[in-house]
There are 2 protein chains.
Amino acid sequence: MALEHAILVSLSERPGTGYEIGQQFSRSIGYFWSATHQQIYRTLKKLHSDGLVSFESVAQDGRPDKKVYTLSQAGRDMLAEWVNSPTPLPPLRSDLGVKLRAADLGDLPTVMAELRAHRDEAAAMLEVYRGWVEQYYPDPDALSGRKLNQYLVLRGGVRMSEQTVDWCDEVLDRFQRELERSAAVAAPQH
Amino acid sequence: MALEHAILVSLSERPGTGYEIGQQFSRSIGYFWSATHQQIYRTLKKLHSDGLVSFESVAQDGRPDKKVYTLSQAGRDMLAEWVNSPTPLPPLRSDLGVKLRAADLGDLPTVMAELRAHRDEAAAMLEVYRGWVEQYYPDPDALSGRKLNQYLVLRGGVRMSEQTVDWCDEVLDRFQRELERSAAVAAPQH
DNA sequence: GGTTTCATGTAACTAGTTACATGATTTA
DNA sequence: TAAATCATGTAACTAGTTACATGAAACC
């Protein structure tokens, strides 16, 4: 139930509405989590009924009231306990990996085109993350505390994207050689 | 619904029981997927009712009958179509990342100890994957077809584990410096 | 004599996704 | 005037986890 924790972490930094938490999740790698707004509203409701957060309704003109949530002491205690607890290795799961294994059931040029698109998406994310590092953490050695933590999480995202791009490139290289090999067999030049 | 696909991929290589599929998922990185047996049995039932697989009950002495599932032509067609389709980048999700961001709510030495344990788990997986490469793919350049695909998936697992280990090391290094810094403040030597 | 392997299942739960709904405000 | 932003919600669904259940065989 890391969504609960991700929301609590967000609120531990500043109080906010469900909408704002959703924005943060989708806009930054910083929370290393993603969720739809429905999931967030539902979870906030549960966190409230569990006494981990409280909220204050704020009236607005022309817009629905917003509920500004704040972490309670119980929520803070719970978070601290969770932070000190072990994090098991997540089970391995990758759509791309599953698909790759069966790649020869498809059409190689098509598979390669889709792989290239996947690679490019990952490369675009990587550029975004690198831009954030430059913009928000220009002097990483000087960081400490919360800011350091946020930087290190971002570093994890950079590493992951790099890994994805490199893996796709490795696969594409090998598939390219396969293509050339089969072309050579189909139309030998000597 | 990549579990469906993962099961179909497994059956495309050889017919098998739900139990065997579960073994494969948990024993090898090859399918890049994990699932509990309950999930697998349930999904096989659905795949059967969708006409993507068929099964034959095999009586055994002293054991419950086993159902040996086989991919149907419809299943094979469906898989081929899926293999040719795009794979979107999965949403970023990491318990460790969420936790790291809130690391200063916990106790630094405790957090570091848990991080070290996480790192060691990932390093152990990495050794397992590397062992498989050596054992089953000693000459990667010579591979082609299904065998090549399987190798490339395994390479993805190696890369991911490496990334996890390296990230943990980077975080641990920085946290170590934080520890030393705070120790220096608490007990200055000059 | 206790654990692991083989082999399947039901039931209840938690987590996550997709579709639909409302409605004012700001920006292009 | 069309799209995006702000702000929340219900409902129905799919996916994944955990607990409980059975029972023989093989291994240590």
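Lettering of chains follows the sequences in order, A, B, ..., and the numbering in each one begins at 1. This one's a predicted model, so the numbers in the text were calculated from it and none came from an experiment.
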B:Arg146 meets the salt bridge (Lys or Arg N to Asp or Glu O under 4.0 Å) criterion, sequence neighbours left out, with A:Asp104, B:Glu13
Excluding sequence neighbours, so at least two apart, what forms ring-ring contact (aromatic ring centres under 6.0 Å, His included) with B:Tyr129? B:Trp132
Take A:Asp50 and A:Lys46, measure what salt bridge (charged side-chain N to carboxylate O under 4.0 Å, His left out) needs, and give me the verdict at the end. CA-CA 6 Å; A:Asp50 289 349; A:Lys46 182 174 181 281; 3.3 Å; yes
Got a sec, which residues hit salt bridge (Lys or Arg N to Asp or Glu O under 4.0 Å) with B:Lys147, two or more places apart in sequence or on another chain? none
Just list the side-chain donor-acceptor pairs under 3.5 Å for residues 148-162 of chain A, sequence neighbours left out, or say none.
| residue | atom | partner | partner atom | Å |
| --- | --- | --- | --- | --- |
| A:Arg155 | NE | B:Glu170 | OE1 | 3.3 |
| A:Arg155 | NE | B:Glu170 | OE2 | 2.8 |
| A:Arg155 | NH2 | B:Glu170 | OE1 | 3.2 |
| A:Arg159 | NE | B:Glu170 | OE1 | 2.9 |
| A:Arg159 | NH2 | B:Glu170 | OE1 | 2.8 |
| A:Ser161 | OG | A:Gly157 | O | 2.8 |
| A:Glu162 | OE2 | A:Arg130 | NH2 | 2.9 |

Atom CZ of B:Phe25 and atom C1' of D:dG16 are separated, to the nearest Å, by 14 Å
Rounded interatomic separation in angstrom, taking CG from A:Leu3 and C1' from C:dT17: 13 Å
Taking ring-ring contact (aromatic ring centres under 6.0 Å, His included) as the test, write out the residues that go with A:Trp167, two or more places apart. B:Phe32
Please list all pairs passing the side chain to side chain donor-acceptor pair (under 3.5 Å) test where one or both residues lie in residues 114-125 of chain B, with sequence neighbours left out. B:Arg119-B:Asp169
Whole-Å distance separating the CE atom of A:Met1 from the C1' atom of D:dT17: 11 Å
Spacing of B:Leu92 atom CG relative to C:dG16 atom C1', expressed in whole Å: 16 Å
What does the B/S/- profile of nucleotides 3-11 of chain C look like, 5' to 3', with a 4.0 Å heavy-atom cutoff to protein? --SBBBBB-
Rounded (10°) bend between the five-pair end axes of the helix from C:dG1-D:dC28 to C:dA28-D:dT1: 50°
d(CD, A:Gln39; C1', D:dA12) in whole Å: 15 Å
Linked hydrophobic residues, A:Val58 as query - side chain contacts closer than 4.5 Å: A:Val68
